[in-house]
Q: 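Take this structure, written in structure tokens, and hold onto it; I'll ask about it next.
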Amino acid sequence: MFFSALEFRAMRLSRSLIPTLKETPSEAQIASHRLMLRAGLVRQTSSGIYAWLPAGWKVLQNISRIVTEEQEAVGCQAMLMPTIQSADLWRQSGRYDAYGPEMLRITDRHQRELLYGPTNEEMLTDLVRQGVKSYRDLPQMLFHIQWKFRDEVRPRFGVMRGREFLMKDAYSFDLDYAGAVVSYRRQMLAYMRSFQRMGLKAIPMVADTGPIGGNLSHEFIVLAPTGESQVYFDAAFEKLDFGGDTYNAFSDADLERCYSDLTTHYAATDEKHDEAAWAKVADKREGRGIEVGHIFYFGTKYSDPMGLRVAAQGGGDLIPHMGSYGVGVSRLVGALIEAFHDEAGIIWPDSVAPFPAVIVNLKPGDAGCDELSEKAYAAFKGQALYDDREERAGAKFADADLMGHPWQIVIGPRGAKTGTVELKRRATGEKVEVSLEDALAKIAG
RNA sequence: CGGGACGUAGCACAGCCUGGUAGUGCGCCUGCUUCGGGAGCAGGAGGCCGGAGGUUCGAAUCCUCUCGUCCCGACCA
């Protein structure tokens with residue numbers, strides 16, 4: 001059978017739109033913004049609005065996939081709602097006027113008032129209102145990953161504080177407060193699993209609940225040395241593991257234990273920092289953090305005014321209790337880079353890297369190098385990046401480090417003769433000379 | 001929304017004060033030599049100097065307006 005790497009043209013660097021930059025564009029101040037531009041992940045098209053180039057789009061999709069899998073694993077249904085919404089819907093909840101100039105308002109050719117959605121509580125409440133009639137239909141938990149727009153006065157930090165951003169937002173509908181608490185805890189677990197899979201250390205911190213009250217609102221802060229706010233937390237958080245079946249999302253006891261593990265220890269950002277409580281913490285940790293998620297329970301704030309009612313078990317109606325749960329998917333790209341980079345560039349965790357590996361052909365045109373490189377490339381079925389450019393070795397190494405591929409398979413004329421490659425792990429800098437087969441096995445394992 | 005800057009080649013910048021046919025480095029193209037950590041030499045392409053008015057014989061440069069972008073603060077997933 002004829003099988004050649006030529007069939008996988010798309011990820012040959014010489015044929016790809018991954019424009020790396022040697023110098024930093026002057027608008028970029030923080031590390032992640034600088035590196036995203038330099039590594040060719042994004043390009044700004046307007047203030048706070050970015051185009052995601054091929055490599056950046058892959059990262060966004062990888063994060064979305066992890067978030068989707070973990071949402072579904074706790075029983076949350078994937079769906080997709082539009083970006084454009086009707087102003088009428090927002091008038092029903094009273095938010096059309098309450099929401100300030102951050103909301104992008106649009107008028108169509110018929111002078112109908114529309115808006116580019118900054119969030120979707122109203123829309124989903126409306127959809128549930130149309131489809132859910134009985135207590136038997138509850139609980140419901142749904143999410144989508146969709147572009148949002150908030151007309152920030154001052155966009156900054158690249159993708160971390162853009163106007164247009166990709167967000168996972170989930171909404172839960174329960175019969176009562178007790179049910180809403182279970183949904184809330186499930187989301188909390190899904191969040192911890194998601195962030196752990198991305199290699200991030202995330203800590204839930206109590207957030208303002210506004211007029212609703214109670215303590216059911218948490219911000220998820222990801223630790224990164226260059227984070228925007230100072231955070232204080234108990235070292236107990238470092239020992240928590242959300243992988244495997246540590247906590248069963250469908251066991252009330254496990255959910256309660258999970259919630260307890262996440263909320264009994266001290267954790268606060270500098271705005272909420274309480275010196276008295278902090279003094280009692282035995283094993284203290286401090287660091288910088290970036291908010292990447294926010295979840296809250298808000299009862300009947302939308303269901304009530306929008307007329308969402310279901311038939312109750314004993315007759316009559318009841319008003320479902322709701323919660324909503326956001327993850328800044330595009331912001332996470334920035335947060336990940338803030339957490340994982342060095343002087344040379346990005347250091348992608350394997351789970352979100354745009355490419356599992358880069359194959360660096362040091363001498364395109366050399367029969368031995370080409371053959372071995374194509375063989376390596378074919379082994380990845382086009383999923384790896386193949387640097388087949390006619391560049392000097394130094395430039396290729398610099399770009400490979402900048403783009404942050406977890407593994408680098410370096411193929412030069414020296415090793416090509418014996419089928420040996422140099423395998424470099426980006427995170428540690430460790431390099432070994434091994435056969436291509438061994439290199440592939442090591443990457444797979 | 002208050003305060004402060006900046007728009008000159010793909011990127012980073014100089015030139016502006018003191019008007020006179022637009023420059024440097026990197027990148028890009030061609031050739032030769034190089035070739036395992038962002039090479040050297042030679043040649044070349046690429047800019048109505050953000051836009052519109054105005055002053056002037058003449059405007060990147062001076063004046064007015066406008067659009068865009070960034071930084072600090074307040075605000076925020």
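Residue numbers start from 1 in every chain, and the chains themselves are labelled A, B, ... in the order their sequence lines are given, proteins ahead of strands. The figures here come from the full heavy-atom set of this structure, side chains too, leaving out hydrogens, waters and symmetry mates.
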Q: Give A:Gly158 one of three labels, base, sugar-phosphate or nothing, depending on what nucleic acid heavy atoms sit under 4.0 Å from its own.
A: nothing

Q: Given B:C71, B:G37, B:A12, which nucleotide is nearest the side-chain atoms of A:Asp401?
A: B:G37

Q: To the nearest Å, give me how far apart CZ (A:Arg161) and P (B:C76) are.
A: 9 Å

Q: Look through every strand shown and name the nucleotide pairing with B:A45 as Watson-Crick or G-U wobble, where both distances are under 3.5 Å.
A: none

Q: Could you measure between the two P atoms, the one in B:C29 and the one in B:G73, and give it in whole Å?
A: 42 Å

Q: Who is the Watson-Crick or G-U wobble partner of B:C26, with both distances under 3.5 Å?
A: B:G10

Q: Are A:Tyr266 and A:Trp278 near enough that their ring centres are under 6.0 Å apart?
A: yes

Q: So, for A:Trp147 and A:Phe165, is the gap between ring centers shorter than 6.0 Å?
A: no

Q: Which is true for A:Glu422 with a 4.0 Å heavy-atom rule: it touches a base, it touches only sugar-phosphate, or it touches nothing?
A: base

Q: Pick the C1' atom in B:G51 and in B:A60, then give their distance to the nearest Å.
A: 14 Å

Q: How many Å lie between CG on A:Leu53 and C1' on B:G10, as a whole number?
A: 14 Å

Q: Are the charged groups of A:Lys424 and A:Asp401 less than 4.0 angstrom apart, N to O?
A: yes

Q: Without decimals, in angstroms, what is the distance between A:Glu228 CD and B:C75 C1'?
A: 13 Å

Q: Does B:A12 have OP1 or OP2 under 4.0 Å away from a side-chain N or O of A:Thr24?
A: no

Q: With both distances under 3.5 Å as the test, what is the Watson-Crick or G-U wobble partner of B:A39?
A: B:U33

Q: Using a 4.0 Å heavy-atom cut-off, does A:Val327 contact any base of the nucleic acid, only the sugar-phosphate backbone, or nothing at all?
A: nothing

Q: Checking contacts here: which listed nucleotide (B:A77, B:G37, B:C70) is nearest the side-chain heavy atoms of A:Gln29?
A: B:C70

Q: Would you indicate what A:Gly412 reaches in the nucleic acid, counting non-hydrogen atoms under 4.0 angstrom: base, sugar-phosphate, or nothing?
A: base

Q: Whole angstroms only, please: what is the CD-C1' distance between A:Glu102 and B:C1?
A: 12 Å

Q: If the cut-off is 4.0 Å, is A:Lys22 near the phosphate of B:G27, judged by side-chain N/O to OP1 or OP2?
A: yes

Q: Just so I know, are the side chains of A:Leu372 and A:Val421 near enough to count as touching, which here means a heavy-atom distance under 4.5 Å?
A: yes

Q: A:Met167 or A:Gln408: which one's nearest nucleotide on RNA chain B is closer to the 5' end?
A: A:Gln408

Q: Does the structure show a Watson-Crick or G-U wobble partner for B:A52, both distances under 3.5 Å? Name it, or say none.
A: B:U64

Q: Choosing from B:G27, B:C1, B:G36, which nucleotide comes nearest the side chain of A:Leu362?
A: B:G36

Q: Let's test this: given Watson-Crick or G-U wobble pairing with both distances under 3.5 Å, identify the partner of B:C1.
A: B:G73

Q: Of the candidate nucleotides B:C72, B:A77, B:C13, which contains the atom at the shortest distance from the side chain of A:Ser26?
A: B:C13

Q: Got more than 12 heavy atoms from elsewhere within 6.0 Å of CD, A:Glu69?
A: yes

Q: For the side chain of A:Ala395, starting at C-beta, report the closest nucleotide among B:G38, B:C72, B:A12.
A: B:G38

Q: Under a 3.5 Å cut-off for both contacts, is B:C16 paired Watson-Crick or G-U wobble with anything, and if yes, with which nucleotide?
A: none

Q: When rounded to the nearest Å, what value does the distance between P atoms of B:U66 and B:C57 take?
A: 28 Å

Q: In whole angstrom, what separates A:Leu402's CG from B:G27's P?
A: 15 Å

Q: Taking the six-membered ring for Trp, does A:Phe397 stack with B:G36 (centroid gap under 5.5 Å, planes within less than 30°)?
A: no

Q: Okay, side chain of A:Ser351, backbone of A:Arg197: is any donor-acceptor separation there less than 3.5 Å?
A: yes

Q: Is the distance from the ring center of A:Tyr177 to that of A:His321 below 6.0 Å?
A: no

Q: Looking only at side-chain N and O atoms, does A:Asp370 offer a donor or acceptor that is under 3.5 Å from a partner on A:Asn361?
A: yes

Q: P atom, B:G20 versus B:C63: distance in rounded Å?
A: 15 Å

Q: Please state the P separation for the pair B:C62 and B:G7 - nearest whole angstrom.
A: 11 Å

Q: Can you measure A:Asp151 atom CG to B:A77 atom C1' for me and round it to whole angstrom units?
A: 15 Å

Q: Hey, does the Lys NZ or Arg CZ of A:Arg163 hover above the aromatic six-ring of A:Tyr116, less than 6.0 Å from the centre and inside 45° of the axis?
A: no

Q: Taking B:C17 as the reference, what is the distance to B:U64 when you measure between their P atoms (whole Å, please)?
A: 15 Å

Q: Quick one: label A:Lys424 by what it contacts on the DNA or RNA (base, sugar-phosphate, nothing), any heavy atom closer than 4.0 Å.
A: base

Q: Of the listed nucleotides (B:G38, B:G36, B:C70), which one gets closest to any side-chain atom of A:Arg38?
A: B:G38

Q: Base, sugar-phosphate or nothing for A:Asp399? Non-hydrogen atoms, less than 4.0 Å.
A: base

Q: Please list, for nucleotides 23-25 of chain B, all pairs of protein and nucleotide N/O atoms separated by less than 3.5 Å.
A:
residue : atom : partner : partner atom : Å
B:G25   : N2   : A:Glu23 : OE2          : 2.8

Q: Using distance alone, with no hydrogens and no angle criterion, decide if A:Ser324 and A:Glu121 have a side-chain donor and acceptor under 3.5 Å apart.
A: yes

Q: How many whole angstroms separate atom CG of A:Leu21 from atom C1' of B:C28?
A: 13 Å

Q: Anything under 30° is parallel, anything over 60° is perpendicular, the rest tilted; go ahead and classify A:His218 against A:Tyr184.
A: tilted

Q: So if I take every side-chain heavy atom of A:Arg156 and compare against B:A12, B:G38, B:C72, which nucleotide ends up nearest?
A: B:C72

Q: Of the candidate nucleotides B:G36, B:C13, B:A39, which contains the atom at the shortest distance from the side chain of A:Arg392?
A: B:A39

Q: Distance between the C1' atoms of B:G50 and B:U8, in whole angstroms?
A: 10 Å

Q: For a quick check, tell me whether the side chain of A:Arg389 and the base of B:G38 share a donor-acceptor pair closer than 3.5 Å.
A: no

Q: Starting at atom CD of A:Glu391, determine the distance to atom C1' of B:C26, rounded to an integer number of angstrom.
A: 13 Å

Q: What's the closest nucleotide to the A:Ser46 side chain, out of B:U69, B:C71, B:A77?
A: B:U69

Q: Can you see if the side chain of A:Arg154 gets near the phosphate of B:C76 - specifically, an N or O under 4.0 Å from OP1 or OP2?
A: no

Q: Would you mind telling me which of B:G36, B:G38, B:A77 lies closest to the side-chain atoms of A:Arg150?
A: B:A77

Q: Counting only Watson-Crick pairs (N1-N3 plus N6-O4 or O6-N4) and G-U wobbles (N1-O2, O6-N3), all under 3.5 Å, who is the partner of B:U21?
A: none

Q: Is the NZ or CZ atom of A:Arg193 positioned over A:Phe242's six-membered ring, under 6.0 angstrom from the centre and within 45° of the axis?
A: no

Q: Looking across every strand, which nucleic acid part, if any, lies under 4.0 Å from A:Ala398 by heavy atom: base, sugar-phosphate, or nothing?
A: base

Q: Can you tell me, in whole Å, how much space there is between the P of B:C28 and that of B:G10?
A: 14 Å

